[in-house]
Structures are given as structure tokens and as C-alpha cells.
**Q** 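Sending over a structure as C-alpha cells; questions will come in a sec.
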Number of protein chains: 2
Amino acid sequence: MSLPHAILTSLLEKPASGAELARRFEKSLGYFWSATHQQIYRELARLEEAGLIESSDRESTRGRQRHYSIRGSGRAELEQWSRAQEDPRPVRDALLVRLRAAAALGTVEVAEELRRHIGLHQGQLDTYLAIEHSDFPDGGSAEHPSARLQHAVLAAGIGYERAWLAWARDTLPTLPRDPVRTG
Amino acid sequence: MSLPHAILTSLLEKPASGAELARRFEKSLGYFWSATHQQIYRELARLEEAGLIESSDRESTRGRQRHYSIRGSGRAELEQWSRAQEDPRPVRDALLVRLRAAAALGTVEVAEELRRHIGLHQGQLDTYLAIEHSDFPDGGSAEHPSARLQHAVLAAGIGYERAWLAWARDTLPTLPRDPVRTG
DNA sequence: ACGCTTTGTGCAACTTGTTGCGCAAAGGAG
DNA sequence: CTCCTTTGCGCAACAAGTTGCACAAAGCGT
């Protein structure tokens with residue numbers, strides 16, 4: 001899939017230890033490709049075995065910090081992957097399955113859960129906007145290409161959350177037994 | 001996760017064989033929870049073993065069609081699940097990882113791939129709109145609750161694709177080495 | 001020096017999702 | 001009837017993702 005490539009990307013941006021990578025995946029990269037620390041450690045081991053990355057391997061470092069960096073072959077692999085064609089994966093949203101189940105059952109109240117999700121998505125949107133404000137203070141006009149791409153990635157997240165919220169706020173008042181609200 | 005519940009939902013809407021379910025997952029349900037036929041068969045076996053569904057089990061039906069329908073306990077399980085709280089899963093979009101890799105590499109042309117994805121998403125949007133046109137001809141005002149929910153689910157897909165396309169068309173002209181285009 | 005907590009690393013087991021293949025039955029073409 | 005394709009069912013193997021636990025080292029308060 002693309003977890004190894006996400007790790008290579010992060011290591012290319014800056015070398016790091018496994019724990020540091022895990023922290024990055026909690027924040028920036030993980031917003032659109034999440035991973036647990038176990039996934040990361042396993043993948044780091046594979047990448048090192050494949051010769052794409054290297055580590056400060058003081059012998060028998062169990063419990064000690066290990067620092068990884070990308071090698072030339074890793075960069076080449078990443079370059080090839082980022083040029084390749086890969087179709088988008090279908091969306092997966094359990095909430096929509098539940099709405100459909102609720103429609104088929106006819107007896108389930110979903111408004112409250114929808115409101116809860118609105119809060120969560122609003123929080124995510126706020127996070128994105130805060131990052132945009134701090135990392136891309138100008139309107140995006142005078143950035144150099146690399147910053148533009150990073151900004152574009154962030155903009156995708158912002159656009160997604162806004163669309164989700166707009167849908168949810170349109171949908172909420174149409175649900176049965178739910179008072180009409182204006183978002 | 002929620003594959004079993006997606007199957008229960010589909011069986012509640014209408015009993016079916018495994019192949020019929022697989023076809024439905026290609027179409028409506030699978031737009032927001034996809035599954036291969038092997039996943040479906042495996043899950044049907046588990047659900048039957050758990051007593052949530054039942055099948056026309058003419059003994060040793062290898063190669064023959066087997067018809068499944070939901071039982072009372074299955075409906076109860078589905079009802080409980082659709083009432084439960086479950087947080088949304090983080091987005092996963094490999095294209096965004098690739099954009100970020102391209103930003104870090106600084107040497108990769110991504111405009112063409114982005115254009116290709118625009119075509120794919122536009123196709124998906126068209127599909128959704130065609131379904132909306134045929135299944136929900138009136139503006140959504142006079143529908144009964146169950147149809148409203150189904151329409152809301154479809155609207156989520158439409159909103160998602162539109163947001164994605166808007167983002168992509170904003171992003172495309174800002175990419176390096178790419179002529180400015182108006183969407 | 002001694003515990004206690006936090007951080008970093010990792011194993012093991014499990015669940016979920018994917019890919020590739022095989023086989024049985026049905027149905028049309030010759 | 002026989003061949004051949006399509007449809008439905010399913011196994012086996014694998015890849016990806018998750019959960020729970022364990023253990024070593026470092027930092028910290030006492």
C-alpha cells in the first residue's frame with residue numbers, strides 16, 4: 001500500500017526515530033494516512049532490511065533510541081512511486097452505513113449521533129485552520145512550489161471537512177423527530 | 001468493524017444470495033462501504049454461524065445458489081449497532097501522500113495524475129447524480145422519512161465528490177510547470 | 001539509593017481486506 | 001449430446017491494520 005512511502009516521505013523531510021515518526025503521524029501526515037506505532041516499527045524494520053533506509057544501529061538497541069534516515073535507494077523508490085498511477089480508493093464511512101441501516105429499520109434515532117460527529121468534524125476543521133494560519137500566513141500567492149504543494153494538501157483536508165459539515169447541517173433538520181436547526 | 005452490519009442492512013432491505021449481495025456492493029452500498037465477494041462470503045458464513053441470518057441450506061450446496069435472509073436476532077444486533085457511538089475514521093488518501101512526497105522530492109510532476117483523478121471523480125459524481133435523478137425525482141421535499149435518509153446518504157457522496165473536484169480544480173493551476181486552466 | 005512514571009522499542013495474536021485460484025452447476029452454441 | 005462460457009461458491013495464502021502486552025532505559029521525586 002503506501003504506508004512505507006508515507007514513512008519514506010517523512011524521513012525525507014527529516015530523519016527521525018520511530019517514536020518521533022509516530023508523533024508526526026499523529027499530527028501532520030496522519031491526517032490523511034494514519035498509522036499506529038506498531039505499524040511504523042514493523043515497516044521501519046522492513047524498509048531497513050530492504051536497504052531503503054539506514055539506522056544508527058548500536059548493537060542490541062532494545063529499549064534505546066534508534067535514529068533512521070533515508071538512503072539513495074529509498075529516495076529513488078519514493079520518486080518512482082510518486083510518479084506512478086494509482087486509483088483512488090473508495091470512500092468508507094460507517095456513519096453512512098448506519099444511516100442506511102436506520103432507514104431500513106425505521107426505528108432508530110440518529111440525530112444525536114450526527115450532532116456528535118458534527119462536533120468532531122468541526123474540531124478537525126479548526127485544527128486544520130489553525131495549522132494553515134500558522135504555517136501559511138500569506139494567502140498562498142507568493143509561496144514557492146514545495147510550500148504550495150504542502151498547502152494544497154492541507155487545503156484538501158479543509159475542503160473535505162467543510163463539505164462534510166455542510167452536508168451534515170443540511171441533513172440534520174430533515175431527520176425525523178428532530179427540531180429544525182439553523183447551522 | 002462494520003462489514004457484517006452493512007451485510008445485515010442489505011439483507012434487511014431485501015434477502016439475497018451471496019452473488020446478489022456482491023452485486024449490490026458494487027453499486028449502492030459499496031459506494032461508501034466496499035467489499036469483495038470473498039469478504040462477503042466469509043462474513044455470511046460467520047453471521048450464519050452466529051445465528052443472525054439464515055439460509056436455504058439444501059445440504060452440500062457447493063456451486064449452487066444459497067439464499068440468505070436476516071433473523072430476528074440479526075435485526076436486533078443491527079438496531080443496537082446503529083444506535084451506538086462510533087467515531088469517524090481518519091481519511092486515507094494516497095494521492096495526498098504523493099503530493100507531499102512530491103513536495104519533499106521537488107522533482108516530480110503530479111499534474112497529469114491529478115487530471116486523471118479529476119476524470120475518475122467526475123465519473124463518480126455523474127453516477128451519483130444519475131442515481132439521484134432516477135431514484136429521487138422530486139426535490140427531496142415530500143419524501144417519507146426512510147427515503148429522506150437514503151437520499152441524505154446519496155447527498156453525502158455527491159457533496160464529497162463536488163468538494164474533491166473543487167479542490168482539485170483550484171489546485172491544478174498552482175502546480176509547477178502546468179499551464180493555468182479554468183475548470 | 002530507591003521506587004515511580006514516562007518514553008521508546010518491540011513481540012505475539014488477532015482481525016480485516018486482497019489476490020489468486022479451483023470447482024460445480026446452468027445455459028447457450030455447435 | 002458435447003463443448004464452452006458465465007455465474008455462484010468457496011479455499012488458501014497473503015498483506016495490512018489493530019490490540020494487548022512486555023521490557024529496557026531515562027527522568028524525577030524523595
Side-chain angles (χ1 to χ4, degrees), chain A residues 1-8 10-11 15-27 29-30 32-50 53 55-68 81 86-94 97, chain B residues 1-8 10-11 15-27 29-30 32-50 53 55-68 81 86-94 97:
Chain A
M1 307 296 297
S2 51
L3 176 57
H5 299 103
I7 290 175
L8 288 175
S10 198
L11 287 180
S17 68
E20 169 60 23
L21 281 173
R23 261 179 259 117
R24 286 189 208 163
F25 271 80
E26 291 273 301
K27 283 196 245 159
L29 243 182
F32 43 90
W33 200 276
S34 65
T36 63
H37 79 275
Q38 288 85 348
Q39 279 179 276
I40 291 167
Y41 283 126
R42 181 167 46 179
E43 212 56 57
L44 282 171
R46 282 181 197 159
L47 287 168
E48 185 168 28
E49 208 206 344
I53 62 176
S55 71
S56 59
D57 197 331
R58 3 181 175 168
E59 295 79 47
S60 85
T61 44
R62 249 192 88 81
R64 300 292 285 101
Q65 207 179 34
R66 233 169 128 177
H67 222 248
Y68 292 90
W81 174 76
E86 190 174 323
D87 286 356
R89 301 216 173 186
V91 176
R92 282 224 164 161
D93 192 334
V97 179
Chain B
M1 307 300 296
S2 51
L3 176 57
H5 300 103
I7 290 175
L8 286 174
S10 197
L11 286 180
S17 67
E20 169 60 22
L21 281 174
R23 260 180 260 115
R24 286 190 209 164
F25 270 80
E26 292 272 301
K27 283 197 244 159
L29 244 183
F32 42 91
W33 201 276
S34 64
T36 63
H37 79 274
Q38 288 86 348
Q39 279 178 274
I40 291 167
Y41 284 128
R42 182 168 47 179
E43 211 57 57
L44 283 171
R46 282 182 196 159
L47 287 168
E48 185 168 29
E49 208 206 345
I53 62 176
S55 72
S56 58
D57 196 333
R58 7 183 171 165
E59 296 79 46
S60 83
T61 44
R62 249 193 87 80
R64 299 291 284 100
Q65 207 179 35
R66 234 170 129 176
H67 223 248
Y68 292 90
W81 174 77
E86 190 175 323
D87 286 356
R89 303 225 179 176
V91 176
R92 282 224 166 161
D93 191 334
V97 179

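In this text the structure is predicted, and so the values were computed from the model without any measurement. Note on naming: letters A, B, ... go to the chains in the order of the sequence lines (proteins, then strands), and numbering restarts at 1 for each one.
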**Q** Under the rule for side chain to side chain donor-acceptor pair (under 3.5 Å), what residues qualify as partners of B/Arg92, not counting sequence neighbours?
**A** A/Ser34
**Q** On the nucleotide C/dT16, are OP1 or OP2 found under 4.0 Å from the side-chain N or O atoms that B/Arg46 carries?
**A**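 Yes, B/Arg46 has a side-chain N/O under 4.0 Å of OP1/OP2 on C/dT16.
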**Q** Nearest whole angstrom, please: distance from the C1' of D/dC11 to the CG of B/Leu44.
**A** 16 Å
**Q** What is the distance, to the nearest angstrom, from the CZ atom on A/Arg66 to the P atom on D/dA25?
**A**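 Atom CZ in A/Arg66 sits about 14 Å away from atom P in D/dA25.
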**Q** Roughly, in whole Å, what's the span from CD in B/Glu43 to P in D/dC9?
**A**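 Nearest whole value for this atom pair: 16 Å.
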**Q** Measure from CH2 on B/Trp33 to P on C/dT18 and round the result to the nearest Å.
**A**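 For the pair B/Trp33 CH2 and C/dT18 P, the rounded distance is 11 Å.
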**Q** Whole angstroms only, please: what is the CD-P distance between B/Glu20 and D/dG8?
**A** 8 Å
**Q** Among D/dG8, C/dG17, C/dG8, which nucleotide has an atom closest to any side-chain atom of B/Ala19?
**A** D/dG8
**Q** Within the structure, does a side-chain N or O atom of B/Tyr41 lie under 4.0 Å from either OP1 or OP2 of D/dG10?
**A**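 Checking B/Tyr41 against D/dG10: no side-chain N or O falls below 4.0 Å of OP1 or OP2.
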**Q** According to ring pair (Phe, Tyr, Trp, His ring centres under 6.0 Å), who are the partners of A/Phe25, at least two apart in sequence or on a separate chain?
**A**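 Not a single residue meets the ring pair (Phe, Tyr, Trp, His ring centres under 6.0 Å) criterion with A/Phe25.
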**Q** Identify the heavy atoms of B/Trp81 and B/Ser2 that sit nearest to each other, and give their distance.
**A** CZ2-CB, 3.4 Å
**Q** Considering only nitrogen or oxygen atoms on both sides, find all protein atoms under 3.5 Å from nucleotides 18-21 of chain D and state each distance.
**A**
from   : atom 1 : to      : atom 2 : distance (Å)
D/dT18 : OP2    : A/Gln39 : OE1    : 3.1
D/dG20 : O6     : A/Gln38 : NE2    : 3.1

**Q** To the nearest angstrom, how far is A/Gln65 atom CD from D/dA25 atom C1'?
**A**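 Atom-to-atom, A/Gln65 to D/dA25, this comes out as 11 Å.
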**Q** Taking only residues two or more places apart in sequence, or in another chain, which ones meet A/Arg42 in a side chain to side chain donor-acceptor pair (under 3.5 Å)?
**A**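 With neighbours one apart ignored, the set is empty.
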**Q** Who pairs with A/Tyr41 by ring pair (Phe, Tyr, Trp, His ring centres under 6.0 Å), at least two apart in sequence or on another chain?
**A** A/His37
**Q** Can you list the residues that meet the side chain to side chain donor-acceptor pair (under 3.5 Å) rule with A/Glu20, with sequence neighbours excluded?
**A**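 Listed in chain order: A/Arg23, A/Arg24.
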